[in-house]
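Whatever order the structure lists ligands and atoms in, that order sets their numbers, starting from 1. Please read all numbers here as calculations on a predicted model, not as lab measurements. Side-chain atoms are counted along with the backbone in the values below, which use heavy atoms only and exclude waters and symmetry mates.
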Amino acid sequence: MVLQKEKEEMLGVRVPTNLLCEYTSNPLGIDVVQPRFFWVCNHSERGQIQSAYQILVGSNWANLDTENGDEWDSGKVVSEESINISYAGNSLESGKTYFWKVRIWDKNGKVSTWSKVATFEMSLLKPDDWKAHWIGLSDKKNEKGPLFRKEFKLDKDIARARVYISGLGYYELRINGKRVGDYVLDPGRTDYSKRVLYVTYDITNFLKKGTNAVGIMLGNGWYNAQGVMGEVSYGLPKLILQINIDFVDNTTTRIISDSTWKIADGPIISNNVYLGESYDARLEKPGWDTPNYNDITWNDAKIVESPGGVMKAQMLQPIKVLRIIKPIKITNPKSGIYIYDMGQNMVGWVKLFVRGIRGTKITLKFAERLYDNGMINPKTAGSEFGITQTETYILKGKDIEVWQPRFTYHGFRYVEVTGFLGKPTLESIKGCVVHSAVEHIGEFTTSSALLNQIQRNILWTQLGNLHSVPTDCPHREKSGWLGDAQVTAEEAIYNFNMSRFYTKWLNDIMGAQDEETGDLPAIVPSKRVKKGGAPPAWGSAYILIPWYLYLYYGDERVLKQHYGGMSRWVDFLSNKAKDYILSYGLGDWCPPGYVSPKNTPVTLTSTGYYYYNVLIISQVAQILGKSDDAIKYSKLANCIKMAFNNKFFNENDNYYATGSQCSNAFPLFLGLVPEDRKMAVLKNLVRDIVEIHKSHLNTGIFGTKYMMEVLTNYGQVSIAYTIATQTTYPSWGYEISKGATTLWEVWDYGATRDGYPDRSRNHPMFGSISSWFYKTLAGINIDPAGPGWWLIIIKPHIVGDLDYVSASIKTIRGMVSSSWTRRDSSLVLNVILPVNSQARVSVPKMGLESVIVKESGRTIWKDGSYVEGVMGIVGGDKGEDYVTFDIGSGSYFFEMSGE
Ligand code: BGC
């Protein structure tokens with residue numbers, strides 16, 4: 001028997017779900033004083049929208065149970081908004097947990113039941129909340145992973161305990177012999193002189209009445225990455241820790257890092273985030289992280305200077321070991337040398353399982369490729385740049401020993417093992433896949449095995465390059481190059497929940513901006529010796545990524561926070577421009593055959609990006625109500641447009657600059673081409689692709705993204721599809737034909753024509769095609785007029801030999817999905833939209849003159865016109881290639897066939 005309450009929930013408005021605070025489910029330790037709330041609305045009916053909501057925030061669970069929002073009761077707020085609702089109650093206090101719930105009214109005025117209760121907890125909001133000191137080593141140079149420890153007695157029962165910790169470069173925290181949490185390579189990397197991230201853990205269950213021990217191991221991480229890729233050291237590893245304890249009798253106490261802590265060398269004898277780690281298990285100190293350990297020989301820790309940056313709560317997803325993979329093959333190309341094939345170019349490390357004689361030294365080396373003789377070829381993984389990813393482990397000689405590094409990570413498919421006593425087996429190592437734990441929100445599959453493999457390679461590459469910073473590659477540079485990140489940002493956003501990750505990185509960029517000039521570095525964060533400004537296409541990350549956060553998450557706050565910096569960057573470009581032309585930069589990076597752009601002038605790409613930046617900042621100004629700025633920038637955009645066309649447009653023959661693919665595609669994408677010349681420029685673009693390059697791309701990282709979109713938007717989707725599915729050089733399929741399981745940095749298998757040696761096999765920058773998959777093949781697009789997936793455009797393209805495409809995205813508003821299957825000349829299309837969304841759905845006519853469209857069996861289009869009467873569908877329109885309907889939320893099943 002269904003209970004009355006459940007019945008109500010099944011029919012009509014349903015309880016809101018997926019409650020998030022600052023994009024996080026039940027966050028522990030946030031320092032946003034007006035956090036934002038998000039929820040997903042659910043309804044059994046189609047075409048539903050929320051008409052009002054009420055949020056209650058309470059200081060305890062019991063209050064919320066009795067509907068007492070003692071911290072904030074929003075009251076019934078008439079609003080369709082279910083994302084980015086700012087808290088507006090009593091001021092939130094450091095260290096306190098808050099409880100919240102929400103209910104909504106649908107468009108008919110029916111109210112839902114209250115959601116489940118969610119929580120959020122504040123971290124240490126004021127500098128004064130920190131009573132702890134930074135502590136560190138006393139000697140000048142110490143490569144070893146130092147151990148810190150402290151014992152303390154608690155004489156009462158514990159009600160609640162939190163630890164706030166930052167250990168630079170990286171830390172591992174242990175309490176009473178157990179590791180706290182599963183975060184690795186923590187805290188997230190920042191410029192520590194500007195901001196230091198600290199992490200909050202609930203350690204109530206780690207502590208006990210009586211004697212307790214805290215142990216911390218520190219690694220160099222990015223704090224001391226000196227000597228590699230020009231990185232500069234900030235200093236020696238240091239830590240800060242504060243434990244706040246509430247006892248059941250309502251008293252409190254605090255444990256802090258200070259000079260009473262003890263310090264000693266640990267078993268890690270060297271560690272470098274690029275080069276690897278060496279561990280001597282004979283130097284382990286059993287029991288060091290448990291109470292009653294004898295630390296008489298340990299030294300006193302020293303209070304040291306703070307790294308300088310402000311303490312900020314770590315609010316992006318932590319890095320974790322997220323997948324374990326088994327090697328698929330082991331070979332023995334030379335005596336004593338064993339090579340493992342992990343079957344996948346991966347990022348992380350391996351876990352070693354070994355038994356042997358004390359003192360035996362095992363060496364692991366990591367590479368992406370093999371030489372013909374079966375030995376590893378570490379060149380593409382950085383050895384050409386002086387980075388040989390190497391680990392050593394010295395056995396203590398007891399039973400089976402299991403070891404993995406803590407403070408480094410690698411990019412590799414092959415692992416060379418030497419020093420193994422006897423013969424290692426497939427069970428002797430396991431691959432640990434390590435990256436920031438962003439949620440996988442996008443699914444994309446098709447009937448084409450090739451496209452599926454390209455998508456798979458993109459996902460592996462993208463994830464392998466998210467380590468609290470979006471990196472260019474996981475081995476050679478591990479650097480937050482701005483250009484690589486901006487060109488792949490939409491791809492990442494379609495596939496993963498990037499809101500928290502990019503929010504953090506934008507703060508890094510803000511901190512890195514030159515206050516006087518507005519210039520940006522090309523890499524963020526970085527403390528490299530070489531400063532140098534960002535090439536315009538790279539610095540554009542500071543315009544495009546906030547813009548994408550606005551488009552895809554409806555995040556206006558990020559625009560407000562960064563408007564100053566964003567406009568300073570644009571003004572910086574204006575200062576650099578001469579007669580509206582920008583002639584410096586790196587251009588359309590890595591086109592086929594080259595690393596540096598050879599066929600498209602740098603001036604064209606840089607000026608094009610300058611225009612793009614100005615166009616977006618004028619829209620941002622408009623959104624933020626800064627109309628003077630909006631007008632100023634849109635006038636400036638016009639001036640750039642004129643200058644651009646004067647300089648690059650060949651009016652007689654309708655092409656730009658050199659007539660290369662990027663030269664023509666980029667102005668088309670930007671809307672720079674005079675209206676009456678668009679088709680002629682397009683024709684030249686198509687000729688270059690089809691005739692000169694035999695339907696292959698000839699673009700670098702930027703041209704590739706924009707050309708695919710231009711071809712689609714100008715009716716040339718089948719050419720775009722051919723480019724996407726090529727298997728000969730240069731193409732994604734060509735890489736796969738050579739065994740690629742991740743994306744390459746350059747299209748070339750060997751050295752490039754401008755003489756660069758073997759380049760990386762794990763660079764995400766050509767992965768932009770994945771957003772094209774979603775946008776074009778599945779047809780899922782944001783309408784910029786309705787950010788945060790409020791207004792959506794569904795326009796699939798039925799191309800090539802594709803029989804079906806299926807895509808779904810767990811957006812901030814709920815599930816958006818578009819899947820189609822072709823049956824001869826008919827088509828079925830399933831579309832799912834969340835409550836509070838509307839879409840314009842274009843059902844492809846697949847070349848048919850007149851068509852019938854049914855939705856869930858009922859005719860909605862016939863004899864060239866719209867047939868009214870199906871719930872959720874409010875109108876139809878005839879187009880040459882599509883019939884278009886406006887729909888509200890719900891699940892729709894369209895069938896199109898000839899009349
Ligand atoms: C990096 C890139 C980056 C480029 C710019 C390379 O070494 O790996 O991906 O964008 O330099 O100069």
Under-4.0 Å salt bridge between Lys194 and Asp191
yes
Could you find the nearest protein heavy atom to atom 4 (C) of ligand 1 and give me its residue, atom name and distance?
Trp589 NE1, 3.5 Å
Run the numbers for me: atoms of ligand 1, each under 4.0 Å from some heavy atom of His763, listed by number.
1 (C), 2 (C), 8 (O), 9 (O)
Give the residue and atom name of whichever protein heavy atom lies nearest to atom 7 (O) of ligand 1, and the separation in Å to one decimal.
Glu477 OE2, 2.5 Å
Any idea which protein heavy atom is nearest atom 12 (O) of ligand 1, and the distance to it?
Leu586 CD1, 3.2 Å
Nearest heavy-atom pair of Tyr274 and Arg476: which atoms, and what distance?
CE2-O, 3.6 Å
Distance-only polar pair, side chains of Arg456 and Gln344, donor-acceptor under 3.5 Å:
yes
Those residues at least two apart in sequence (or on a different chain) that pass side-chain contact (heavy atoms from CB on, under 4.5 Å) with Pro591 are Tyr594, Asn599
Looking at Glu745, which atoms of ligand 1 are within less than 4.0 Å of one of its heavy atoms?
8 (O)
So the atoms of ligand 1 within less than 4.0 Å of a heavy atom of Met765 turn out to be 9 (O)
Is a donor from one side chain sitting under 3.5 angstrom from an acceptor on the other, for Ser695 and Gln726?
no
In the protein, which heavy atom is nearest to atom 10 (O) of ligand 1, and how far is it?
Asp484 OD1, 2.6 Å
Counterpart residues, side-chain contact (heavy atoms from CB on, under 4.5 Å), relative to Leu506 (two or more places apart):
Ile509, Tyr542, Ile545, Pro546, Leu549, Val558, His562
Could you check whether Trp744 and Tyr749 have their ring centres less than 6.0 Å apart?
yes
the protein heavy atom lying closest to atom 11 (O) of ligand 1 turns out to be Trp481 CZ2, 3.6 Å
Give the residue, atom name and distance (to 0.1 Å) of the protein heavy atom nearest atom 1 (C) of ligand 1.
Asp472 OD2, 3.3 Å
